[in-house]
**Student:** 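Below you'll find the structure I mean.
Order of appearance sets the numbers: ligands from 1, and atoms from 1 within every ligand.
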Amino acid sequence: MILPDSVLGVLGGGQLGRMFTIAARSMGYRVWVLDPDPHSPAGSMADRHIQAGYRDPAALAEMGAGCAAVTTEFENVPAETLEFLEARLPVRPGSAAVAIARDRIREKTFIREQGLATAPFFAIRQRDDLEQACAQLSMPALLKTAQLGYDGKGQVPVTSLAEAQQGFAQLQEAPCVLEQRVELALELSVILARSASGETALFPLGENVHVGGILDTTFVPARVPSRLAEQATGMAQVLADAMDYCGVLAVELFLTRDGELLINEMAPRPHNSGHYTVDACLTSQFEQQVRTLCGLPPGATTLLSPVVMVNILGDLWEPVSPPWEQLLSHPQAKLHLYGKRHARPGRKMGHYNCLAEDLDTAIATAEQIRSALQGHGQQVDQTR
Ligand code: AMP
């Protein structure tokens, strides 16, 4: 077991790294963050910010020598970086799991190999692959880059072979998946923590609403029958066990209009849809990341209260920063801002959690706060 006062390293200094750092430091660990950005949200919270690239040999040598264990906040850390560190100290999750999650072709193939369902898809490695894929999939479909896509980026909706060919060119002919667009009833996510010895703690299922490809709201508990919730969490557990996963794993699912559960993707780290755990669960997803990294058993994931999480995007800063007093005056609303210096439309700047005795009340508070925060920008606009 790695105990408090040890140094934990995190690759990546965004909001996920920041919340990991806060959790680790509050438990008495010291944290080193590796991130090239001088203003990284996690860097300012860490004991040490090593401001260097993810392939920088001197920085990696320092991390390797100075940390007791290393984790990551994003799946696009170069594979060689994880392998270099793995040869020197515990790296959780390990490079093998990260390699599966970072590539949609490997990920979806792996999910299918475990006997779990995904939306129908074909791997597109070259232009010629499109013809057969379009012949076998029903349209409409989505062409998604295999790597480096997030929040709906790197995706092109297509309705014909010609559009798929155009889309492939638009995506620089990078390897892709062509995936059938399914009729969604709901989007769901499972966050779990699995220790090195295989002990697993599952958080309650989250129900997610995306707007423009970006997560907007998470409702917990998800409004689905318990049989479906068990099925979804069971699917996530199968994936974690199959990878002999150690760390926090997020699994995003679709519930189709036909009542079928499909796995969309997984993330080898805490996830935006798990931010509700910080205020509403006995153990947060970030504490679980610390625990699993340090060889401790996962904490209890008991839900203390129904909760609604709402993302705060940079759009709200248009033209001035939002009226936080509208949110902070609610006794059961919790604000989390990531300390990013510049707001841009679509950029995740923070989130808030609304807790209440029942989900409907939490939803009502969340929506009231949403209008108050949005209304502010409009009012100022009108006076221009
Ligand atoms: P992704 O980047 O794969 O997580 O996709 C972002 C969002 O696009 C998802 O959360 C869904 O709202 C939507 N989406 C992605 N793939 C599909 C699909 N095959 N069918 C319907 N909607 C999808």
**Student:** Record the part of Asn208 in heavy-atom contact with ligand 1 below 4.0 Å; permitted values are side chain, backbone, both and neither.
**Tutor:**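 None of Asn208 does.
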
**Student:** Decide whether a cation-pi geometry holds between Arg18 and Phe20; the criteria are a distance under 6.0 Å from NZ or CZ to the six-membered ring centre and an angle within 45° of the ring axis.
**Tutor:**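 Judged by the rule (NZ or CZ under 6.0 Å from the ring centre, within 45° of its axis), Arg18 is not positioned above Phe20.
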
**Student:** Given Arg181, Lys144, Arg104, which one has a non-hydrogen atom that is nearest to atom 16 (N) of ligand 1?
**Tutor:**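 Answer by nearest heavy atom: Lys144.
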
**Student:** Report, in ascending order of atom number, the atoms of ligand 1 lying under 4.0 Å from any heavy atom of Leu142.
**Tutor:**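 So the answer, numbered in order with elements, is 14 (N), 15 (C), 16 (N), 17 (C), 18 (C), 23 (C).
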
**Student:** Are Leu335 and Trp324 close enough that some pair of their side-chain heavy atoms sits under 4.5 Å apart?
**Tutor:**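 The answer is yes; the side chains approach within 4.5 Å.
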
**Student:** Measuring from atom 12 (O) of ligand 1, which candidate in Gln155, Gln180, Glu179, Glu187 has the nearest non-hydrogen atom?
**Tutor:**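 Nearest option to atom 12 (O) of ligand 1, by heavy atoms: Glu187.
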
**Student:** List the residues meeting side-chain contact (heavy atoms from CB on, under 4.5 Å) with Ala222, not counting sequence neighbours, and say none if there are none.
**Tutor:**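 side-chain contact (heavy atoms from CB on, under 4.5 Å) list for Ala222, sorted by chain: Leu188, Leu205, Glu207, Val224.
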
**Student:** Restricting to pairs with a member in residues 122-148, which pass salt bridge (Lys or Arg N to Asp or Glu O under 4.0 Å), not counting sequence neighbours?
**Tutor:**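 Salt bridge (Lys or Arg N to Asp or Glu O under 4.0 Å) check on residues 122-148 returns Lys144-Glu179.
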
**Student:** Using distance alone, decide if ligand 1 has a nitrogen or oxygen within less than 3.5 Å of any nitrogen or oxygen in Leu184.
**Tutor:**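 N/O-N/O distance under 3.5 Å: no.
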
**Student:** Suppose I only count heavy atoms of His210 and a 4.0 Å limit; which atoms of ligand 1 are within that range?
**Tutor:**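 So the atoms of ligand 1 that pass are 10 (O).
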
**Student:** When Asp279 is tested against each of Lys334, His336, Gln332 for side chain to side chain donor-acceptor pair (under 3.5 Å), which residue passes?
**Tutor:**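 With Asp279 as partner, side chain to side chain donor-acceptor pair (under 3.5 Å) holds for just one option, His336.
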
**Student:** At less than 4.0 angstrom from any non-hydrogen atom of Asn264, what atoms of ligand 1 do you find?
**Tutor:**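 Checking each atom against Asn264, I get 1 (P), 3 (O), 4 (O).
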
**Student:** Mark the output for Glu183 as yes if a heavy-atom distance to ligand 1 is under 4.0 Å, and as no if none is.
**Tutor:**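 So Glu183 does not count as touching ligand 1.
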
**Student:** Does the side chain of Gln285 come under 3.5 Å of the side chain of His275 through a donor N or O and an acceptor N or O?
**Tutor:**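 Note: Gln285 and His275 side chains meet the donor-acceptor criterion.
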
**Student:** Do the numbers put Arg88 on top of the ring of Phe84, so that NZ or CZ is under 6.0 Å from the six-membered ring centre and no more than 45° off the axis?
**Tutor:**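 Positive - Arg88 is close enough to the ring of Phe84 and near enough to its axis.
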
**Student:** With the threshold set at under 4.0 angstrom, would you say Phe121 reaches ligand 1 through any of its heavy atoms?
**Tutor:**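 False for this residue.
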
